[in-house]
Amino acid sequence: MAKDESKGRGIGSNPKIPEFYSPVQVANILGVSKHVVDTKAINGKLAPKGTDAGGNPAFYRSQLEGFEEARQMFASRWDEEATIQPVRPFKLVELFAGAGGLAIGMEMAGLESVLLNEIDKRACATLRANRAGWNLVEGDVAKVGFREFDGSADVLTGGFPCQAFSYAGQRMGFKDARGTLFFEYARAVTECNPRVILAENVRGLLTHDKGRTFEAIKSVFDEIGYQLVEPRVLKAIFYKVPQKRERLFFVAVRKDLARFAKFKWPSPYYRILDLRDAFCKGDLYPTAVPPSPGNEYSKRKKEIMSHVPAGGYWRDLPYDLQREYMMKSYFQGGGKTGMARRLAWDEPSLTLTCSPAQKQTERCHPSETRPLTVREYARVQTFPDDWQFKGSLVAQYKQIGNAVPVNLAYAVGRSVVRLLNDLEAALESGKASKVYQAEMALD
């Protein structure tokens with residue numbers, strides 16, 4: 001094995017950080033396709049200079065230090081952040097709780113749920129089956145009052161569905177948001193008056209309606225008295241999640257407290273996890289994935305899918321099977337890379353959908369010709385193995401596919417707890433109250 005050129009440079013000195021990276025791993029870290037990495041290698045711009053333990057071409061850590069994504073991984077403070085604990089029991093209110101992905105992560109971070117709201121009865125059954133002690137309010141959020149938590153809720157969270165806003169009004173503010181579920185989220189904030197709010201959504205919200213929806217959301221946060229941290233799209237693969245999922249996160253601090261603490265986004269994990277980490281015994285789970293029910297292919301679909309190699313899709317099929325499987329789609333434009341897609345052991349999963357057997361977004365097991373099972377689906381989302389899902393098979397897949405990955409939520413939750421700790425320290429020192437009194441005197 002060639003000498004690791006990155007040793008002695010400091011940034012790669014952590015023993016948990018791998019010494020070598022395969023082309024697939026480099027592609028995942030940089031957020032590009034393996035073809036792009038291969039092309040650069042061919043052109044000599046980023047060619048593998050070493051070999052891994054198996055003798056395969058590999059990149060040195062030092063070769064990746066010029067890329068910001070890699071530098072952040074090499075400087076990971078994940079273990080340090082894992083020691084963050086709340087200085088007192090911080091109270092959490094969560095809306096649109098779903099099957100509990102965000103709530104579990106917040107709980108792991110040390111936050112105490114005092115109310116969760118969800119309208120889907122199957123998701124509510126899941127929450128009750130796993131956390132009988134949680135104060136779960138089932139039903140339409142528009143019919144739920146939150147004033148009883150004014151003064152006691154420290155943080156309010158939720159992944160509000162992205163709906164178009166009405167722009168009939170001039171301000172695009174709180175009143176203009178009425179009729180959307182985001183309005184209900186904002187109403188809950190005004191009634192709870194928490195110190196910190198957290199929201200997550202799809203990354204497309206940033207550009208939805210040419211950016212006007214995002215601007216309206218910022219305007220509402222400002223109007224109801226919260227200072228918004230610059231939102232960030234977090235890639236789940238950097239936070240101990242074996243899945244190429246991206247979510248947009250909003251964090252905002254009540255204006256009277258915003259100057260006394262700065263929110264810091266979570267540090268990435270040391271490496272990118274893949275399906276082998278998800279389904280086998282290792283760093284992520286102490287045992288292999290347990291058996292569970294799952295969808296099945298029809299006889300003919302199974303015959304066709306058996307020809308797709310690991311990591312491949314419909315273009316890897318023989319020509320006649322391409323035509324049969326794709327039908328009219330064969331003559332349409334676009335790569336349609338999700339169709340007849342088989343996952344690979346050495347890569348993270350593609351983003352999970354509400355069903356692993358949808359033709360447009362296939363998620364076939366890497367070595368068995370079948371869709372992922374419920375438990376495999378849950379592991380890709382980093383749910384605990386003892387977390388039970390209720391409802392039909394279709395409902396269980398939907399709950400898992402719609403969830404926030406637990407480990408991603410945990411990473412963000414630790415950052416929220418750190419922020420709350422800092423705010424608590426400022427309040428206890430009297431610094432915040434003195435500034436507030438001075439400002440009141442000036443008014």
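- Two residues are said to be in side-chain contact when any heavy atoms from C-beta on lie closer than 4.5 Å; R61 and Y21 meet this criterion.
- Here K262 does not pair with D422 in a salt bridge; the nearest charged N to carboxylate O distance is not below 4.0 Å.
- When the salt bridge (Lys or Arg N to Asp or Glu O under 4.0 Å) test is applied to K235, no partner is found at least two apart in sequence or on another chain.
- N295 is linked by a side chain to side chain contact (heavy atoms under 4.5 Å, CB included) to S355, P356, A357, P371, L393, Y397, counting only residues two or more places apart in sequence or in another chain.
- The six-membered or imidazole ring of F263 lies away from that of F249, with a centre-to-centre distance of 6.0 Å or more.
- The residues K218 and D222 are annotated as not salt-bridged, no charged nitrogen and carboxylate oxygen being separated by less than 4.0 angstrom.
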Could you please spell out the steps behind the side-chain contact (heavy atoms from CB on, under 4.5 Å) verdict for L273 and I237?
CA-CA 7 Å; L273 302 185; I237 60 170; over 6 Å; no
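- E362 and K301 are joined by a salt bridge, as a carboxylate oxygen and a charged side-chain nitrogen come within less than 4.0 angstrom of each other.
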Does the side-chain contact (heavy atoms from CB on, under 4.5 Å) test come out yes or no for V417 and Q85, once each step is laid out?
CA-CA 7 Å; V417 168; Q85 296 293 325; over 6 Å; no
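- Every pair passing salt bridge (Lys or Arg N to Asp or Glu O under 4.0 Å) that includes a residue from residues 373-389 is listed here, sequence neighbours excluded: R370-E376, R379-D385.
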For residues 106-117, which side-chain donor-acceptor pairs fall under 3.5 Å, sequence neighbours excluded?
| residue | atom | partner | partner atom | Å |
| --- | --- | --- | --- | --- |
| E107 | OE1 | R131 | NE | 3.3 |
| E107 | OE1 | R131 | NH2 | 2.9 |
| E107 | OE2 | R131 | NE | 3.1 |
| E112 | OE1 | K91 | NZ | 3.1 |
| E112 | OE2 | K91 | NZ | 2.9 |
| N117 | ND2 | V137 | O | 2.9 |
| N117 | ND2 | G139 | O | 3.2 |

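- The side chain to side chain contact (heavy atoms under 4.5 Å, CB included) search around L321 returns R300, I304, H307, L317, P318, E324, not counting sequence neighbours.
- In this structure, V253 and Y226 have side chains that are not in contact, with every pair of non-hydrogen atoms separated by 4.5 Å or more.
- Surrounding NZ of K34 are at most 12 heavy atoms belonging to other residues, nucleotides or ligands under 6.0 Å away.
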Result block: side-chain N/O donor-acceptor pairs under 3.5 angstrom for residues 227-234, not counting sequence neighbours:
none

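- Residues that satisfy the salt bridge (Lys or Arg N to Asp or Glu O under 4.0 Å) test with R203, not counting sequence neighbours, are E246.
- Residues passing the side chain to side chain contact (heavy atoms under 4.5 Å, CB included) test with R122 are D120, A395, Q399, sequence neighbours excluded.
- Judged by distance alone, with hydrogens and angles left aside, the side-chain atoms of S76 form a donor-acceptor pair with the main-chain N or O of P268 at under 3.5 Å.
- Every side chain to side chain contact (heavy atoms under 4.5 Å, CB included) that T351 has, sequence neighbours left out, goes to Q243, R245.
- Counting non-hydrogen atoms of other residues, nucleotides and ligands closer than 6.0 Å to CZ of R128 gives a total above 12.
- Within the structure, the salt bridge (Lys or Arg N to Asp or Glu O under 4.0 Å) test picks out the following pairs touching residues 271-282 (sequence neighbours left out): R271-D277, R271-D283.
- The side-chain hydrogen bond (donor to acceptor under 3.5 Å, both in side chains) search around E191 returns R187, not counting sequence neighbours.
- For the salt bridge (Lys or Arg N to Asp or Glu O under 4.0 Å) test, no residue two or more places apart in sequence or in another chain qualifies with K390.
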